[in-house]
Amino acid sequence: MLKKQIPLAITFITGVIIVITFFIPHPPFGRLQQDALTWYSVIFGFTMLLGVDSLVRFHYRKLRRREKGWWFSIIFYGGFLLSFITGVVSEVRFGDAFNINSSFMYFYNTILIPLQSTMFALLAFFIASASYRAFRARNIDATFLLVTAVIVMLGRVPVGYMLWHKLPNLTSWILNVLQLGPMRGIMIGIALGTVAMSLRLILGIERTYLS
Amino acid sequence: MIEALGIWVAAGLTLAIMSFLYGDNPIYKFAEHLYVGYSAGYWLIYTWHFTIKLMVIQPIAEKQPGAIFLVIPLFFGVLMLTRWFPRIAWISRWSIAFTVGIGAGLTLTGAIHGYIIPQVKATILPLWTGNGFSSFNNLVIVIGVLTTLIYFFFSRPHTGVLGKTSKVGILFIMIAFGASFGYTVMARISLLIGRLDFLWSSILKLVHFF
Amino acid sequence: MNGENISFWEKLGKIDRRWIFLIIGLVVFIPIAFGLRMTVHVSPAVKSAYDTINRLPEGSVVMISIDYDAASMPELQPMLKAILRHCFDKNLKVILINFWPLGLPIGNQGLEEVAKEYGKVYGVDYMNLGYRPGDIAVMLRMGTEIRSVFYGDIKGTPLDSLPMMKNIHNYDDIAVVVGLEAGSMGDYWVQYVNARFKQDLILGVTAVMAAGVYPYLQAGQIKGLIGGLKGAAEYEKLVNHPAFGHIGMASQSWAHVAIILFIILGNIGYFMERRRKRGL
Amino acid sequence: MILFILFSTITVKAFDTPNDGGGSITIKAYNVPETVKKALVYRKTEGDTTYTLAGVMSILSYRYVDADSTIKNGKPYYYRVDFYFPDTVISVVSDSPGIAYAQWYDKSKTSSLIFLIVFSTLVLVFIQLAKKDPEGLYIRKIPALDAIDEAVGRSTELGKPTFFVHGLLGITDAGTLAALTILRRVAKKVAEYDTPILVTNFDPIVMTASQETVKQAYTEAGRPDAYNEKNIIYLTYEQFGYTAGVDGLMVREKPGAIFLQGYFFAESLILAETGHSVGAIQIAGTTAKEQLPFFVAACDYVLIGEEMLAASSYIGREPVMLGSVKGADWGKAFLMGIIGIGVVLGTVGAILQSAGNGALMNVFEKILAFF
């Protein structure tokens, strides 16, 4: 059937071509993997319109139905139009909205940077509350987690050195040796799982969004 | 004046986001909606400039070699937009299938060549290096990798020897998580230091301004 | 559950997390507001970075690469400022270059701020090349001629109309490159520019990246390594201008101690509760 | 005279750069004295009377890869390298011209090809075996996946919505695809219990795939009419903007169950802590190894790395899928075997070498170099 078989065929053909050309440096195949990434970005560019459309409608609905907190949707539109309009104007004026003198970049600096950095900085608080709540020696697994975290935390600041001058050395041994094995094991596992999953997708066994 | 206004806005937004720590409130809601709205518009412009303009329009306008192949993503990109028309929306699955195909192909080769081969190679370590301590370290690394991999065995019950080794594996995993957690604390605190310093110096500047 | 049986410790175990937020906020904020400082011990990796720049004769050119954006600013901006102070103090010439387009305004702001402190003149003592896409390709092409990639500076002024750029063409004319890194550009500086052009290199990186970059220092591929806020504080100490890094280290240490105390208190509460439950 | 002999031992070879798509010639110098300060490479081809500067040769590896855009395949190029000594400059010409070709097979990727063949064969063989004999298949318990039904159920009892929060990578990431499989299971349960769901997306392509997935799940549950595309929303393609938006939705809608699935970055902990504060059961899953510790600390259940990628087989329990998991396990055993043999070989080699016999160590190093 058109609705199911064609997508499966497209995934199969695309996947197989990309895998095979990985081993062929001869043009035009050698660049195919890079080109495929560009193609992906282009499709992404188009889909961005669908995404923004969904978001704009989400807030439009809230406004129209006067849902609770509807007037915040006006703020949403204000922010959206501010970046969109200054972006278009700067793109026309400088030929590049990302020119350092553009109004687009001015608002990037005054609005986006503080919002971004503050949101990121909230992590300092959450990392504290999470350690307080979760780092309890409930069982042997949790104790290992807790003890390693505390050692590494102390070993990275001057206070740790004052407590025990070998603590920084122990910390670097944990980081360079002890945790290396499991991290590598997790990574190899993920890579193997990825390969198996990609094979299932290419072969059409895994078809979450199709059938 | 413009500069002072900029500082006011930036400091105000910083406080607005921080107010979330106390709980949801109208000031946070304001900042959140502004953030989502502004950044959605920002990324639209970003995509236009760096993807559509630099990756599509420019190569075609300059008649770069291979620009003709851009027809392929343009075709699938337009098909994606069929989602706006419910009756033919199913065609957009072709585009999804195409991106999934690209993804599967790239991750398959990438995972093997970029992860599995180099990581396995790095784990093949001699357990005798002529130095007791570094020999011991190599042993710890090899055991860590193998027991962790055992933990990720799915098709057999974790009983007997398999069960015991996978228990060792999970302990190694917990150590790795603890180390990673503790290691990240420093960087996260640095971020807060940066933000509070900005806030404090803005306040000082504004006090000075008046 | 009987309310009277809940001891002080157990209440502590279930404390509203906003108290934790408040304490972390205060512990970080107080050193900043009162300018409290922590004594900083200079590590060999940072000393070596400092010495590399300190040995340069007056008029030498230092290129600083801004490879970060707002997210890593708290860690890398203090490094930028400390290094700029060192360069201007020694009358070295500075060229700024960017490989992260969004780091452009951040780097420029730091440069102008410190240049003003020392009364330096744009185009004579320092300049900013701006950003060109192409990463590795840009790095490699600068090996033959900077003008083959950068036709003008950040404002579009032709390079030849800036007095200091007259005799600067490629890496041969640059004494040291300092890469301030939040991502993979540092690896490229080492693998391409150091390996191919034997360019002297110093890297300043975020705390999370420091362990990964350390092997370059051991292998002699970089002359010095400044890691995280702590590294910035050490550099500040060396240039005798204790600033943000020093204050930051006090906040940092206190915050770590506070978090560890929380963990200990949480565990005491947990064990008290368990003991009571067993007792019942 | 002695100096001349010393310098004349420098030789320069130009040859086609191996394993590439053509248009590139490698120039390598041998027996270069350490006193060389700088080495410049010059190029000349048929019809040129003089050499032109091609680039600077690394004086660590004494190698230069000339990939100038003017180089054509099959045409001879002559090279001269000028070696700068503290007091003099010595020019050496390559003994034969270099000719660039494009190769049809990249030999440096042979180890990857072998592994790809072994692994695919194992997976395919076990899929076939599973089709023939679906009885003997087993998959170990993954508590986080068992908890899905419980979480959606509890959310329904409390009369609260269920949230599904996608990670930050696109559909080219295996973790995102695994998240879609989990979403399908969650959506099916939600449809059965007739409880509200909200799916937030960072990536618009993932949004379209999520819409298709949820639609399919509702159809499967026999309630296609209840599907509403508006519940699967895109927020913004800005890391912390997305975080701020999702946090806001969490504190206002107060979901009873939250699924954080996909590839996350630093925002992982902000999301998980906010989710915890509204009292939701949280089931996280990610292949981002740096973020796993935070999910482990803040969530009720976590799918660790590969567990997430096995989710589709675990949930579906179809023989074909379980067969592929078994095949992948054998692939894992194969790798562990290689590591084991390699380690033994290296250890014995190292011990023999310290006893004066380096033959085995040579074999070991050759094997490593092949990888």
Side-chain angles (χ1 to χ4, degrees), chain A residues 19 22-27 29-31 37 40 43-44 47-55 57-58 61 68-69 112 115-120 122-123 126-127 129-131 133-135 145 149 183 186-190 192-201 203 205-206 208-211, chain D residues 19-22 102-106 109 113 119-120 123 127 170 172 174 177-178 180-181 184 201 204-205 207-209 212-213 216 230 233-238 240-241 243-244 252 266 269-270 272-273 287 289 294 296-298 304-306 309-310 312 320-321 324-325 327-328 331-332 335:
Chain A
V19 170
F22 174 70
F23 298 96
I24 309 174
H26 202 287
F29 308 109
R31 278 178 45 91
L37 276 174
Y40 176 79
I43 297 173
F44 175 88
T47 321
M48 181 67 100
L49 290 175
L50 291 172
V52 170
D53 177 61
S54 127
L55 181 64
R57 279 188 209 207
F58 178 79
R61 253 191 338 268
K68 198 175 154 221
L112 210 54
L115 286 169
Q116 199 186 20
S117 339
T118 314
M119 208 60 210
F120 201 0
L122 291 186
L123 270 171
F126 289 132
I127 214 168
S129 65
S131 356
R133 179 164 51 77
F135 283 179
L145 180 83
M183 274 301 178
I186 293 174
M187 266 167 69
I188 295 177
I190 291 170
L192 283 169
T194 304
V195 175
M197 176 132 203
S198 305
L199 275 175
R200 288 198 296 262
L201 282 164
L203 297 175
I205 299 171
E206 181 126 13
T208 307
Y209 58 95
L210 289 176
S211 60
Chain D
N19 304 321
D20 72 345
Q103 278 76 40
W104 282 101
Y105 173 66
D106 186 343
K109 290 173 179 166
L113 183 63
F119 193 82
S120 322
V123 170
I127 286 177
T172 49
L177 291 160
L180 287 170
T181 339
R184 181 152 167 184
N201 295 275
I205 297 183
M207 177 193 78
T208 59
E212 292 296 318
T213 305
Q216 290 296 336
K230 296 181 180 72
I233 58 163
Y234 164 84
L235 275 171
T236 167
Y237 201 69
E238 218 279 341
F240 290 106
T243 316
R252 264 152 250 150
L269 187 65
I270 304 182
E273 278 291 289
T287 51
K289 66 180 191 326
F294 302 114
V296 167
I304 299 173
E306 201 186 348
L309 302 171
S312 56
V320 192
M321 296 284 241
S324 80
V325 169
K332 202 173 292 159
L335 282 185

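Numbers restart at 1 for each chain; the letters A, B, ... are given by sequence-line order, proteins then strands.
Both the backbone and the side chain of A178(D) come within less than 4.5 Å of a heavy atom in chain A. Contacts of T208(D) with chain A are made by side-chain atoms alone, with heavy-atom separations under 4.5 Å and no backbone atom involved. For M197(A), the part lying under 4.5 angstrom from a heavy atom of chain D is the side chain only. With a threshold of 4.5 angstrom between heavy atoms, L37(A) does not approach chain D through any atom at all. Proximity to chain D is limited to the side chain of V19(A), based on heavy atoms less than 4.5 angstrom apart. Residue R57(A): no heavy atom, backbone or side chain, is found under 4.5 Å from chain D. With a threshold of 4.5 angstrom between heavy atoms, S198(A) does not approach chain D through any atom at all.
Within the model, atoms CZ of F44(A) and OG1 of T172(D) stand 10.5 Å from one another, a figure rounded to the nearest 0.5 Å. Atom CG in L177(D) sits 5.5 Å away from atom CG in L201(A) (nearest 0.5 Å). Atom-to-atom distance recorded for Q116(A):CD and E238(D):CD is 4.5 Å, nearest 0.5 angstrom. Once rounded to the nearest 0.5 Å, the distance linking CZ of F120(A) with OG1 of T243(D) reads 10.0 Å. Between the CG atom of L269(D) and the OG atom of S129(A) there is a distance of 7.0 Å, given to the nearest 0.5 Å. With rounding to the nearest 0.5 Å, the separation of CD in E273(D) from CG in L123(A) is 10.0 Å.
Taking the six-membered ring for Trp and thresholds of 30 and 60 degrees, W104(D) and H26(A) have nearly parallel ring planes, at less than 30 degrees apart.
Looking only at heavy-atom pairs under 4.5 Å with chain D, the residue among L50(A), I24(A), L192(A) that has the most is L192(A). Each of L113(D), T236(D), N19(D), N201(D) has some count of heavy-atom pairs under 4.5 Å with chain A, and the biggest count is that of L113(D). Ranking A272(D), G305(D), A266(D) against chain A, the residue ahead of the rest is A266(D), based on heavy-atom pairs under 4.5 Å. Between chain A and the options S120(D), A310(D), G331(D), heavy-atom pairs under 4.5 Å are most frequent for S120(D). Highest contact tally toward chain D, considering only L115(A), D53(A), L203(A), V195(A), is held by V195(A) [criterion: heavy-atom pairs under 4.5 Å]. In terms of heavy-atom pairs under 4.5 Å with chain D, the best-connected choice from R200(A), R133(A), R61(A) is R133(A). In terms of heavy-atom pairs under 4.5 Å with chain D, the best-connected choice from S131(A), G30(A), G189(A), A134(A) is G189(A). Considering only heavy-atom pairs separated by less than 4.5 Å from chain D, the leading option among Y40(A), F58(A), F135(A) is Y40(A).
Considering every non-hydrogen atom in both I190(A) and T287(D), the closest pair reads CD1-O, 3.3 Å. Across all their heavy atoms, P27(A) and G21(D) have their closest contact at CD-O, 3.2 Å. Taking all atoms of both residues into account, the shortest heavy-atom contact from G193(A) to L309(D) is C-CD1, 3.5 Å.
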**Request:** Report the C-alpha distance between S324(D) and L199(A) in whole Å, list the side-chain angles of each, state the deciding distance to 0.1 Å, and finish with yes or no for side-chain contact (heavy atoms from CB on, under 4.5 Å).
**Result:** CA-CA 9 Å; S324(D) 80; L199(A) 275 175; over 6 Å; no
**Prompt:** Hey, mind stepping through I233(D) and L55(A) against side-chain contact (heavy atoms from CB on, under 4.5 Å) and telling me if it holds?
**Reply:** CA-CA 7 Å; I233(D) 58 163; L55(A) 181 64; 5.8 Å; no
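No side-chain donor-acceptor contact under 3.5 Å links T47(A) to the backbone of P204(D).
Between F294(D) and I127(A), the closest side-chain pair of non-hydrogen atoms falls below 4.5 Å.
Seen from the ring of F22(A), K109(D) counts as a face-on cation partner, given the 6.0 Å and 45° thresholds.
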